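Here is the structure we will look at.
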Amino acid sequence: MTIKGINKMKKYLLGTMFLLPVFISGCATMLLNEHTFESKTEQGILLEDTLIAVGTPSKPIRGYEDALAIAGDKYSYLVKPSIKYFDKTIQNPLPIKSILNEVDLAYLSVGQYKQTRSLSEDTAEMSLFPSFDLLVTNTKRAMNHTIEATEITFMYLKQSNLVKMGEIERLQSLGFKCEAYKKYQRCFQKGFVDITVTKPVANKEQLQHLLKTPIPLNVRYSIDKVNPKMVASYALTPFTIAFDIVTSPIQLVGYLALASALSP
């Protein structure tokens with residue numbers, strides 16, 4: 001090889017030595033970015049439905065004696081107090097059966113409420129997002145037929161001049177927190193429930209009371225995908241039980257933001 005060729009080869013090797021760290025650094029950065037942005041969770045839709053009526057089963061169902069029943073287009077739902085999770089301020093699970101038996105249901109609604117803290121008369125109106133959106137995670141499980149530990153709120157709203165003697169005191173004894181709101185008495189009772197998915201109610205075409213506005217139900221999941229068996233265990237299948245529902249005037253209002261001095 002000539003001297004000229006040797007010098008040319010040295011320049012090539014020298015240039016390669018300078019570029020090699022840059023190349024290695026670039027590859028490392030790409031690998032780091034892929035590792036950083038790689039999702040470690042599995043996300044998706046477990047269930048979608050439209051809720052049309054609320055009531056109770058026409059006959060007691062073993063294990064669901066205290067349950068609220070909700071009829072949907074595709075499925076039905078039995079909602080009972082969660083034993084694992086409950087409102088520590090009242091030291092008892094949500095007293096659904098007592099509420100249904102002792103409260104004027106024409107003034108009762110169920111929703112996912114969010115407090116705004118604004119007490120201005122101009123901004124104290126309710127802002128409605130008419131849907132129930134539930135998220136299942138590693139700590140909030142969906143096992144077989146049941147979505148565990150869903151927080152809901154009962155709201156009682158009645159014109160003050162229509163409130164009967166002792167009515168507010170009775171609501172408070174059930175765990176409601178009450179306040180004056182414009183010309184109304186407004187009471188809240190929140191708690192955790194387990195929601196069991198079942199077959200459609202047998203008397204779907206003969207329901208007496210329907211929701212004024214049908215409410216979409218969306219159940220999503222976001223869980224670790226490290227263990228494929230755990231991901232598979234979150235499949236939500238309807239419980240093979242059929243029942244008639246006795247509907248009531250209770251209204252579902254979905255997700256509702258409202259101004260209040262109380263924490264609903």
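For the single chain, residues carry numbers from 1 onward in sequence order. Everything numeric in this text was worked out from a predicted model, so none of it was measured.
Side-chain contact between L134 and I147 is present, with at least one heavy-atom pair separated by less than 4.5 Å. Residues R220 and Q43 form no side-chain contact, since every pair of their non-hydrogen atoms from C-beta on lies 4.5 Å or further apart. Between K59 and F243 there is no side-chain heavy-atom pair separated by less than 4.5 Å. Taking the side chain as every heavy atom from C-beta outward, L47 and Y77 approach each other to under 4.5 Å. Using a 4.5 Å heavy-atom cutoff, the side chains of S109 and L157 are not in contact. When side chains are defined from C-beta on, L94 counts as touching I152, because their heavy atoms get closer than 4.5 Å. With contacts defined as side-chain heavy-atom distances shorter than 4.5 Å, the pair K183/S160 does not qualify. With a 4.5 Å cut-off on side-chain heavy atoms, C187 and I168 count as touching.
In terms of modelled atom types and a separation under 3.5 Å, the side chain of K74 and the main chain of E48 share a donor-acceptor contact. A donor-acceptor pair is defined here as one N or O able to donate and one able to accept, closer than 3.5 Å; such a pair exists between the side chain of D49 and the backbone of Y75. A donor-acceptor contact shorter than 3.5 Å is absent between the side chain of K80 and the backbone of T196. Side chain of S76 to main chain of V201: a donor-acceptor pair is present (N/O by atom type, distance under 3.5 Å, no hydrogens or angles).
With T150 as the partner, the side chain to side chain contact (heavy atoms under 4.5 Å, CB included) test is satisfied by one option alone out of V219, V193, V79: V193.
In the hydrophobic clustering of ILVMFWY residues, with side-chain heavy atoms under 4.5 Å counting as a link, I215 and L46 come out together. Hydrophobic clustering places I96 together with V103 (ILVMFWY residues linked when any side-chain heavy atoms are closer than 4.5 Å, directly or through intermediates). L252 is connected to L105 through a chain of hydrophobic side-chain contacts under 4.5 Å among Ile, Leu, Val, Met, Phe, Trp and Tyr, so both are in one cluster. The hydrophobic clustering, which links ILVMFWY residues whose side-chain heavy atoms are closer than 4.5 Å, places I52 and L217 apart. At a threshold of 4.5 Å between side-chain heavy atoms, the hydrophobic network of Ile, Leu, Val, Met, Phe, Trp and Tyr places L207 and L51 in two separate groups.
Annotation for Q112 and E151: closest pair CG-O, 4.2 Å, computed over non-hydrogen atoms. The minimum heavy-atom distance linking T247 with A53 is given by the pair CG2-CB, 3.9 Å. When all heavy atoms of P214 and T50 are compared, the closest pair comes out as CB-CG2, 3.6 Å. Across every non-hydrogen atom of I250 and L211, the tightest pair is O-CD2, 3.8 Å. Of all non-hydrogen atoms in A69 and I245, the two that sit nearest each other are O-CD1, 3.5 Å.
For S98, the side-chain contact (heavy atoms from CB on, under 4.5 Å) criterion is met by P95, E102, L174, not counting sequence neighbours.
Under the 6.0 Å distance and 45° angle rule, K177 does not count as a cation-pi partner of F188.
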- Task: Apply side chain to side chain contact (heavy atoms under 4.5 Å, CB included) to the pair I99 and F176, showing each step before the final yes or no.
- Result: CA-CA 10 Å; I99 291 173; F176 282 81; 3.9 Å; yes

- Message: Working note: Q189 + L171, criterion side chain to side chain contact (heavy atoms under 4.5 Å, CB included); need CA distance, chi angles, decisive distance, verdict.
- Response: CA-CA 9 Å; Q189 165 72 299; L171 286 163; over 6 Å; no

- Task: List the steps, then state whether side chain to side chain contact (heavy atoms under 4.5 Å, CB included) holds for E167 with Q185.
- Result: CA-CA 10 Å; E167 190 171 2; Q185 285 292 321; over 6 Å; no

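For residues 202-219, the side chain to side chain donor-acceptor pair (under 3.5 Å) pairs, not counting sequence neighbours, are D133-N218. Legend: disulfide bond (SG atoms under 2.5 Å apart) pairs involving residues 48-81, not counting sequence neighbours: none detected.
Interatomic distance, CZ of F239 versus CD1 of I61, reported as 8.5 Å (0.5 Å rounding). The CG atom of L78 sits 12.0 Å away from the CG atom of D66 when rounded to the nearest 0.5 Å.
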